[in-house]
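Below is one structure, written out as structure tokens; comments come after it.
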Number of protein chains: 2
Amino acid sequence: MHVLLVEDDSTLADGISRILKSHGMAVDVVDNGSDADSILQHAEIAVMILDIGLPGIDGFEVVRRLRARGSHLPVLLLTARDAIQDRVHGLELGADDYLVKPFATPELVARLKALVRRSNPKPVEWRVGGLSLDTFTKRVRINDQPVELSVREWAVLEYLIQQASRVVSKQQIIDAILPWGEELTLNAVEVYVSRIRLKISGAGVVIRTIRGFGYMLEKEVP
Amino acid sequence: MHVLLVEDDSTLADGISRILKSHGMAVDVVDNGSDADSILQHAEIAVMILDIGLPGIDGFEVVRRLRARGSHLPVLLLTARDAIQDRVHGLELGADDYLVKPFATPELVARLKALVRRSNPKPVEWRVGGLSLDTFTKRVRINDQPVELSVREWAVLEYLIQQASRVVSKQQIIDAILPWGEELTLNAVEVYVSRIRLKISGAGVVIRTIRGFGYMLEKEVP
DNA sequence: GCAAACATGACATGAAGCTGACAAAATCCT
DNA sequence: AGGATTTTGTCAGCTTCATGTCATGTTTGC
């Protein structure tokens with residue numbers, strides 16, 4: 001999960017960054033509004049922590065532009081203790097929650113998690129041909145017959161079905177299923193695919209190998 | 001809608017009271033904890049605004065007693081600006097939100113409305129197979145035989161039964177049963193589940209382990 | 001036909017889960 | 001209050017099984 005932290009006090013930024021990383025989040029830090037604005041338009045960010053008091057483009061403007069672009073990205077405001085007007089104004093502009101400085105770190109983490117959880121309602125079911133993945137029960141069915149998949153296998157198959165009829169490279173698969181920074185042999189992906197193929201044979205769906213490019217999940221054509 | 005306002009600063013109490021009334025709410029004002037406690041037990045209150053710093057029985061104690069009686073009444077805490085500990089503690093005890101003094105009136109009203117909206121009264125009884133949880137009496141029955149669960153066990157089982165037939169991760173369980181920001185080892189959840197399984201064996205219900213994902217409560221399939 | 005790319009069986013490693021035991025904390029009970 | 005009892009969370013030891021790599025076999029494109 002990528003967190004964008006916009007904070008110009010570098011000491012505070014470092015502190016928050018460290019805490020979040022220790023909770024397994026990937027943190028991008030910028031210290032001004034225009035950098036934030038540009039990153040938001042180009043990177044995959046799951047949630048933003050935004051200090052109101054910034055030099056140049058201030059926090060309000062960042063939120064305003066973000067919402068103007070139609071984004072629903074959850075935003076957590078950091079405000080000074082006395083800045084009541086700021087909080088109200090921020091919420092009006094479309095921020096989702098705020099935290100008053102100074103705050104306790106568990107509170108920050110809890111609020112962040114809550115925010116992301118709230119804004120992240122996943123589709124319940126993926127289906128291609130006779131193959132269906134139920135994200136509630138984490139169960140895979142082939143023509144209504146349940147099939148047991150391991151975590152890794154689930155992750156790979158979920159990614160493939162989301163990208164159905166598109167070619168995805170092994171590296172893309174690795175990036176999709178691994179936490180940031182972790183690596184794997186490309187052969188590992190081949191092994192996953194092999195195992196998955198075994199388990200989903202008979203569904204009207206195949207994982208085609210596109211030699212030199214990667215894999216593609218698609219309906220079987222006899 | 002009846003609001004119970006517990007605030008010993010009469011100037012502030014009058015102000016808040018006036019604002020709320022102008023928004024069409026009925027307001028009961030008391031200036032101490034024991035009065036609050038007694039009103040809560042005898043009147044139909046929709047939401048409580050509670051100052052922490054009270055003479056006699058303080059705000060924490062009021063919340064504690066309220067929750068100990070099994071009530072889900074939404075509670076909005078009023079805390080002094082610096083009292084971070086108070087906020088965390090209050091949320092731990094089961095308050096639903098807090099507001100730092102001084103606050104803007106639109107914020108108070110907005111939060112209050114949000115709180116009431118959010119507090120949808122839960123069904124009194126959950127039932128899956130031969131297992132039933134009565135959220136009012138906090139009692140668990142297996143085929144009408146009462147079973148004793150501890151508070152934690154109750155909390156976990158309640159969450160599991162609410163999410164029946166869905167996989168919930170250990171972290172989700174922790175987030176669901178613990179107050180904001182508190183943490184636990186994931187192993188603790190394993191222990192809870194282990195203990196609960198012992199106690200509910202024989203109901204037509206099992207807590208399945210979905211390795212790598214979490215747990216799922218569902219009807220037993222022999 | 002040959003090399004590169006892919007497939008897959010086999011294996012060691014360790015991650016995930018379970019549970020009995022225990023110390024600390026909370027609660028109950030005079 | 002304070003002693004007894006229950007609850008709670010962590011740990012350690014153990015089992016099970018998923019995981020990732022390797023070695024070796026197979027396919028594919030040129």
Side-chain angles (χ1 to χ4, degrees), chain A residues 24 106 138-140 147-160 167-179 181-201 206-217, chain B residues 60-61 63-65 67-70 89 92-94 138 140 147-160 167-179 181-201 206-217:
Chain A
K138 302 284 180 195
R139 216 174 286 164
V140 177
V147 175
E148 297 290 329
L149 290 202
S150 77
V151 190
R152 275 281 195 264
E153 291 160 1
W154 169 273
V156 172
L157 185 55
E158 185 184 37
Y159 182 63
L160 284 174
V167 179
V168 294
S169 71
K170 293 170 194 166
Q171 189 58 52
Q172 276 179 301
I173 293 177
I174 289 176
D175 291 346
I177 66 174
L178 278 194
E182 290 190 35
E183 277 305 328
L184 264 188
T185 332
L186 293 182
N187 174 249
V189 179
E190 293 165 6
V191 175
Y192 300 153
V193 170
S194 168
R195 288 172 183 159
I196 293 172
R197 277 173 173 156
L198 255 186
K199 294 190 178 180
I200 67 167
S201 69
V206 286
I207 302 176
R208 273 223 293 150
T209 304
I210 316 294
R211 185 166 255 255
F213 295 99
Y215 297 99
M216 180 169 76
L217 183 143
Chain B
F60 294 133
E61 184 60 16
V63 177
R64 210 193 51 69
R65 293 190 188 179
R67 296 301 180 227
R69 286 195 297 272
H89 188 206
E92 272 172 18
L93 283 174
K138 299 279 178 196
V140 178
V147 175
E148 294 296 325
L149 290 200
S150 76
V151 179
R152 274 283 193 264
E153 290 161 0
W154 167 271
V156 172
L157 187 56
E158 183 185 36
Y159 183 62
L160 283 174
V167 177
V168 295
S169 71
K170 292 171 197 168
Q171 188 60 54
Q172 277 180 299
I173 293 177
I174 288 176
D175 291 348
I177 66 173
L178 279 194
E182 281 195 31
E183 281 302 332
L184 264 187
T185 51
L186 296 180
N187 175 249
V189 179
E190 293 165 9
V191 174
Y192 301 152
V193 169
S194 171
R195 289 171 182 160
I196 294 173
R197 276 175 174 156
L198 264 183
K199 295 190 178 179
I200 67 166
S201 69
V206 286
I207 302 176
R208 274 225 296 148
T209 304
I210 317 292
R211 187 171 247 257
F213 293 106
Y215 297 100
M216 181 168 73
L217 183 142

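Naming convention: chains lettered A, B, ... in sequence-line order (proteins, then strands); numbering from 1 in each chain. Just so it is clear, the model here is predicted, and its values are computed rather than measured.
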Taking the side chain as every heavy atom from C-beta outward, state whether [X] and [Y] have any atom pair closer than 4.5 Å.
{"X": "A:Leu217", "Y": "A:Val168", "result": "no"}
{"X": "B:Lys170", "Y": "B:Ile173", "result": "no"}
{"X": "B:Arg211", "Y": "A:Val151", "result": "no"}

Using distance alone, with no hydrogens and no angle criterion, decide if A:Gln172 and A:Asp175 have a side-chain donor and acceptor under 3.5 Å apart.
->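 No.
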On DNA chain D, reading 5' to 3', which nucleotide is the first and which the last to sit with an atom under 4.0 Å from a heavy atom of chain B, could you check?
->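 Both ends considered, the range comes out as D:dT7 to D:dA18.
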For the helix from C:dG1-D:dC30 to C:dT30-D:dA1, what is the angle between the axes at its two ends, each from 5 pairs, rounded to 10°?
->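 That helix has its two terminal axes inclined by roughly 40°.
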What protein N or O atoms touch nucleotides 6-13 of chain C N or O atoms at under 3.5 angstrom, if any, and at what distances?
{"residue": "C:dC6", "atom": "OP1", "partner": "A:Gly212", "partner atom": "N", "Å": "2.7"}
{"residue": "C:dC6", "atom": "OP2", "partner": "A:Lys170", "partner atom": "NZ", "Å": "2.7"}
{"residue": "C:dA7", "atom": "OP1", "partner": "A:Arg197", "partner atom": "NH1", "Å": "2.6"}
{"residue": "C:dA7", "atom": "OP1", "partner": "A:Arg197", "partner atom": "NH2", "Å": "3.4"}
{"residue": "C:dA7", "atom": "OP1", "partner": "A:Thr209", "partner atom": "OG1", "Å": "2.6"}
{"residue": "C:dA7", "atom": "OP2", "partner": "A:Tyr215", "partner atom": "OH", "Å": "2.6"}
{"residue": "C:dT8", "atom": "OP2", "partner": "A:Ser194", "partner atom": "OG", "Å": "3.3"}
{"residue": "C:dT8", "atom": "O4", "partner": "A:Asn187", "partner atom": "ND2", "Å": "3.2"}

So which of B:Val167, B:Val206, B:Val189 actually passes side-chain contact (heavy atoms from CB on, under 4.5 Å) with B:Tyr215?
->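 Checked B:Val167, B:Val206, B:Val189 against B:Tyr215; only one passes side-chain contact (heavy atoms from CB on, under 4.5 Å): B:Val189.
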Spacing of A:Ile177 atom CD1 and A:Glu158 atom CD [to the nearest 0.5 Å] =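 The distance works out to 11.0 Å.
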Calculate, to the nearest 0.5 Å, the distance between atoms CD1 and CZ belonging to B:Ile200 and B:Arg195 respectively.
->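 These two atoms lie 15.0 Å from each other.
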For A:Glu153 and for B:Glu148, find the nucleotide of DNA chain D with the closest heavy atom, then tell me which residue's nucleotide is more 5'.
->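 Closer to the 5' end of DNA chain D: B:Glu148.
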Are the side chain of B:Lys199 and the backbone of B:Glu148 linked by a donor-acceptor contact shorter than 3.5 Å?
->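 Here the side-chain-to-backbone pair exists.
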Provide the closest heavy-atom pair for B:Ile207 versus B:Arg197 in the form atom of the first, atom of the second, distance.
->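 B:Ile207 and B:Arg197 have their closest heavy atoms at O-NH2, 2.6 Å.
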Considering all heavy atoms, the nearest A:Ser201-A:Leu198 contact |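 Nearest heavy atoms, A:Ser201 then A:Leu198: OG-O, 3.3 Å.
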Which part of the nucleic acid, if any, lies within contact of A:Leu184, taking any heavy atom under 4.0 Å across all strands shown: a base, the sugar-phosphate backbone alone, or nothing?
->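 Sugar-phosphate contact only.
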